[in-house]
Undergrad: 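Here's a structure for you.
Everything quoted here is computed from the prediction, not taken from an experiment. Order of the sequence lines sets the chain letters (A, B, ...), proteins ahead of strands, with each chain counted from 1.
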Amino acid sequence: MTLSHAFLAIIRRDLVLALRRRAEIANPLLFFVLVITLFPLGIGAQPHLLQAIAPGIIWVSALLAAMLSLDSLFRSDFDDGCLEQILLSSYPASILVLGKIIAHWLVTGLPLLIVAPLLAVFLGMPTHTLGVLLLTLLLGTPVLSLIGAIGVALTVGLRRGGMILSLLVLPLYVPVLIFASNAVDMASSGLPIHAQINILISMLLMSLVLAPWPTAAALKMSIN
Amino acid sequence: MFLIPDAVVRFFHRMASPPHFYAFTEKLMPWLVTIFVLLTAAGLYGGLVLAPPDYQQGDSYRIIYIHVPSAWMSLFIYMVMAAAGGIGLVWRIKLAEVVAISSAPIGASFTFIALVTGSLWGKPMWGTWWVWDARLTSELILLFLYLGVIGLYGAIDDKRVASKAIAILALVGVVNIPIIHYSVEWWNTLHQGPTVTKMDKPSIHVTMLVPLLLMALSFKMYYVIAMLQRARVELLQRERNAQWVKNRFLEKQS
């Protein structure tokens, strides 16, 4: 079996597992929808106010949903020992881990893209910015999964890793939040957004290349 | 390795052994404290008495003698922590691990001091305790990064595993700090531009600059003292079953 076969096999396996446990797909999605529903209730339903803060609300909610879904990334494999086998295999651990992260994003990140336009309309965002919102989510949420994987790999061995995970991961999410929500903001005022999109792309490429290494190292540390 | 003189290599090898480190730092400590006290006295006297009041800000600018060195130290200590953590990760040197974790609370304190003094200065100058300005925000995020390191270390029971974990986290943080810093800076800037690092002609007068640099050195000295003390305690705790610890303390009792 070549490396690319192993890589694809990992993705396939995780997708099949996720389809067997559909609640895992639904949970972050429901959370995302619920948090966004809470904002108008808490802030008040003035249309211009909601419209002004809509990009921020959607992105902060996406950030929180991504963070909450992280725990499922390695948890079951860690508990039943599969993770050990994956790390012991002759293939580079970072590549296999990248496969797991991609599968996890397909299950938890991609659905956010599907409901986001609906929620954006709820918040009264102008329709011409929906494309930009989707683009930033498409570029930004994989970064959240990749960076989050490092944090979850560090804490997977802990019994109460949840609180500490947010402390580790959220500060590292700040740049994505800034550029993504700003891009949507700019787009709604009709300004060019090339710079933000380029930076988001570079963040995606950089985390795609760099993040699997510390994730694999942290997993090896968590295993023993 | 062959480029480094033998004596230097020997020194580092000996320093990496806990009993030697413990004994050596004990002898070093009085000297470090003396230098620290002298530097602090000179810096404070220069800054609070000799330096003239600022033509715009009056005397309230003098908080920079605490604020600016703390802010410098907050970044510097993070770098030291990550470097020590990386060394511990690669060469499995116990002492580097101990230095990394001993640095974290000190760095967090300096970050906190920088934030508090900044907001104390901001109240009379900007008219508000807190503004969501780039440097304040990235300093706040740096504080969160420190707290993450400390929290992670506390959450893992096996301290050798915990040291590896915080080393990985600190190294990830080092890659991210510039990204976070520039993204926040790009996001919003209200803070005044840098005044010291303009190399050609610093826009700060020399009578104000010299005490500032003295204070920066004194803060570095303080960090070395505090870090070494923490490292010594941490070493004792980790090596409490080792023979050298027993020898040392039984010796003292008798």
Undergrad: Using a heavy-atom distance cut-off of less than 4.5 Å, which residues of residues 144-160 of chain B contact chain A?
TA: B:F144, B:L145, B:L147, B:G148, B:G151, B:L152, B:A155, B:I156

Undergrad: Do you know the tightest heavy-atom contact between A:S94 and A:P212?
TA: O-CB, 3.5 Å

Undergrad: Write down the atom of B:L212, the atom of B:P69, and the distance for their closest heavy-atom approach.
TA: CD1-CD, 4.0 Å

Undergrad: Can you name the closest pair of heavy atoms from A:M67 and A:L165 and give their distance?
TA: O-CD2, 4.3 Å

Undergrad: Minimum heavy-atom separation for A:K100 and A:L73, please, with both atom names.
TA: CE-O, 3.6 Å

Undergrad: Would you mind checking which part of B:I179 comes under 4.5 Å of any heavy atom in chain A, side chain (CB onward), backbone (N, CA, C, O), both or neither?
TA: both

Undergrad: I'd like to know which of A:L210, A:L172, A:I147 tops the heavy-atom pair count under 4.5 Å against chain B.
TA: A:L172

Undergrad: Hey, is the main chain of B:L120 close enough, under 3.5 Å, to the side chain of B:H67 for a donor-acceptor pair?
TA: no

Undergrad: Identify which part of A:M163 has an atom lying under 4.5 Å from any heavy atom of chain B, answering side chain, backbone, both or neither.
TA: neither

Undergrad: For this output row, return yes or no: ring centroids of B:Y22 and B:W244 closer than 6.0 angstrom.
TA: yes

Undergrad: Which answer fits A:S222, side chain, backbone, both or neither, if we ask what part of it has an atom under 4.5 Å from a heavy atom of chain B?
TA: neither

Undergrad: Minimum heavy-atom separation for A:T141 to A:W59, with atom names?
TA: N-CH2, 4.0 Å

Undergrad: Under the side chain to side chain donor-acceptor pair (under 3.5 Å) test, which residues partner A:T129, sequence neighbours left out?
TA: none

